[in-house]
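Report on one structure; see the data block that follows.
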Amino acid sequence: MKTVALILIIVVGVSVTKAQAVSSVVEIVTVYSQNEKFYLRSIPYDNEFPSLPGKTHVYQTGKSVPLYEFERGFDSVNADSNNLILSNNGEVIFHAIPWEADEQKEGLKSVTIYKHGKIFASFTEIEINGCDKKKERCSLVYSNFETVVDAEKSYLGTRNYKKVFKEGVDEKEQFLSDFSIFSSDDVVYLTDSKKVVHTFDLREGKYLGSDSFANLFEQIKSKARFTRVELKEYQAPLFSDFPNLKDGRNTQVSLANAIGMKPASSLETRDEQFKQYAFKIKSTISRDGSLEIEAIEFWDDDLPKEKITEFFKTNKFDVSAIPRVFEKWNIDDQYFYFRNKNDRVARQEKQKELAEQRDEYRRRLTLERIDGVYIPKDLGECFTELDKILSEIDKKEMAALPAKRDMVQYHMGLGMWMRNTWRLWAGSRLQKYFLDRGIQHPDDMSGVILEYYYDWLKGKKETWKAWEKNPKPH
């Protein structure tokens with residue numbers, strides 16, 4: 001199922017992806033209730049979105065002490081998005097994630113409703129709009145921006161941006177452009193891509209039901225308003241290297257000394273002659289410099305795991321790069337590389353490693369499965385595997401393209417998936433199949449698969465066999 005989900009989200013043409021976005025700017029979000037008697041202020045702990053780390057405080061307007069607070073940062077919020085809404089009594093928070101929701105993780109589902117800081121209810125997109133993404137293109141929130149907004153007159157992409165509609169756009173489409181989500185009298189109205197309006201009661205934190213936009217428009221058009229939102233931008237701390245220790249010492253050098261090794265770099269040519277030992281760490285650093293390990297992954301059993309873990313738990317680190325408004329900050333995956341102190345031993349280890357890699361590469365060229373993944377033996381099996389994995393709508397859209405050369409639009413999505421999953425870079429029987437036919441580069445291999453899969457979808461089931469007899473790059 002994970003493979004299927006991955007394909008559904010990486011194929012070009014699907015607007016929603018699962019990959020988190022990252023920005024160099026991070027925003028503290030303030031959202032007022034409709035009656036403006038209460039407001040929430042959300043401070044994130046990272047610059048990824050959608051993301052959970054952070055803290056949210058809820059205040060009564062005019063009071064400096066929060067009514068309550070809870071661990072959760074709200075992001076994916078714009079000044080006019082209306083997707084983060086606070087009830088008129090300050091007790092209920094409605095949060096919709098129009099794009100990139102993680103339906104498997106509480107707090108990151110398409111819709112989450114909080115009562116007094118705790119999740120009261122949550123809904124996946126399919127639970128709300130019944131969308132079958134195998135058969136149709138649909139989304140949680142209706143979006144018509146490209147079709148109704150005049151980009152030039154709106155000064156799109158500049159600081160002077162102000163939405164101007166194209167001539168002839170009717171009242172309903174203008175309304176939906178502004179108010180695909182809005183709240184009125186503690187009721188949230190959310191219109192999905194099928195123009196069905198779903199309503200939620202903020203007093204009770206419950207889903208009420210749905211009706212067509214056409215039926216409800218006259219009733220709701222006078223109720224719509226923008227939620228009052230204030231966004232304060234900060235430059236997000238971006239760590240090319242792990243923060244130094246609090247006393248100024250380099251963390252990698254200090255750790256290398258602690259474990260009796262020497263620092264190394266995956267980017268330095270001079271270190272290529274040595275075997276490198278590596279691990280990656282994801283962590284959260286607090287204002288006092290202490291570190292909490294979120295995840296740590298070792299790639300070499302020879303590394304002293306307990307000593308390394310203890311090093312991060314017992315040391316304090318420099319937080320000067322983190323704006324003081326953030327009491328914590330998540331440091332995403334950071335990689336550490338080390339080598340043996342003895343140059344001669346480190347070179348011998350490298351030669352042994354290369355020999356093992358060559359043996360492993362030769363072994364992989366014969367395997368039917370690698371790490372549990374079935375590897376097609378030829379083009380025909382590539383197509384039967386893709387038929388199993390891709391949805392009906394994916395295949396229908398591919399077959400509707402004007403020509404096979406247009407399959408190039410899938411090069412960075414589906415093509416990348418094939419290159420990685422079928423080991424076209426790292427050695428597999430499918431890679432050997434192409435190498436034996438003079439196709440040397442994995443990009444060209446995936447290109448051949450995509451172009452002849454187009455023929456396959458168009459009912460030309462045998463053209464790949466002609467290519468196999470007389471192979472040419474795509």
Quiz prompt | Ion pair Lys133/Glu136, N-O distance below 4.0 Å | solution = no

Quiz item: With sequence neighbours left out, what residues match Glu69 under salt bridge (charged side-chain N to carboxylate O under 4.0 Å, His left out)?
Solution: Lys55

Practice problem: Quick one: sort the Phe175 and Phe182 rings into parallel, tilted or perpendicular, breaks at 30° and 60°. | Solution: perpendicular

Self-check item: Test salt bridge (charged side-chain N to carboxylate O under 4.0 Å, His left out) applied to Glu292 - qualifying residues, sequence neighbours left out
Solution: none

Practice problem: Assess whether atom NZ of Lys223 is packed by more than 12 heavy atoms of other residues, nucleotides or ligands within 6.0 Å. | Solution: yes

Quiz item: Parallel under 30°, tilted from 30 to 60°, perpendicular over 60°: which one fits the rings of Phe312 and Phe279?
Solution: perpendicular

Exercise. Mind checking salt bridge (charged side-chain N to carboxylate O under 4.0 Å, His left out) for Glu353 and listing every partner two or more places apart, or none if nothing turns up?
Key: Lys350

Quiz item: What residues, two or more places apart in sequence or in another chain, satisfy side-chain hydrogen bond (donor to acceptor under 3.5 Å, both in side chains) together with Ser81?
Solution: Asn83

Quiz prompt | All side-chain hydrogen bond (donor to acceptor under 3.5 Å, both in side chains) counterparts of Asn315, not counting sequence neighbours | solution = none

Self-check item: Cation-pi check, Lys246 onto Phe317 ring (under 6.0 Å, within 45° of axis)
Solution: no

Quiz item: Under the 6.0 Å and 45° cation-pi test, does Arg369 pair with Tyr374?
Solution: no

Quiz item: Between Phe70 and Tyr68, what is the ring plane arrangement, given parallel below 30°, perpendicular above 60°, and tilted in between?
Solution: parallel

Quiz prompt | Trp299 and Tyr335 aromatic centres sub-6.0 Å | solution = yes

Practice problem: Inspect the contact between Lys396 and Glu392 and indicate whether a charged nitrogen and a carboxylate oxygen are less than 4.0 angstrom apart. | Solution: no

Practice problem: Can you sort out the partners of Asp288 under salt bridge (charged side-chain N to carboxylate O under 4.0 Å, His left out), two or more places apart, ordered by chain and number? | Solution: none

Practice problem: Please work out whether the ring planes of Tyr59 and Tyr39 are parallel, tilted or perpendicular, with thresholds of 30° and 60°. | Solution: parallel

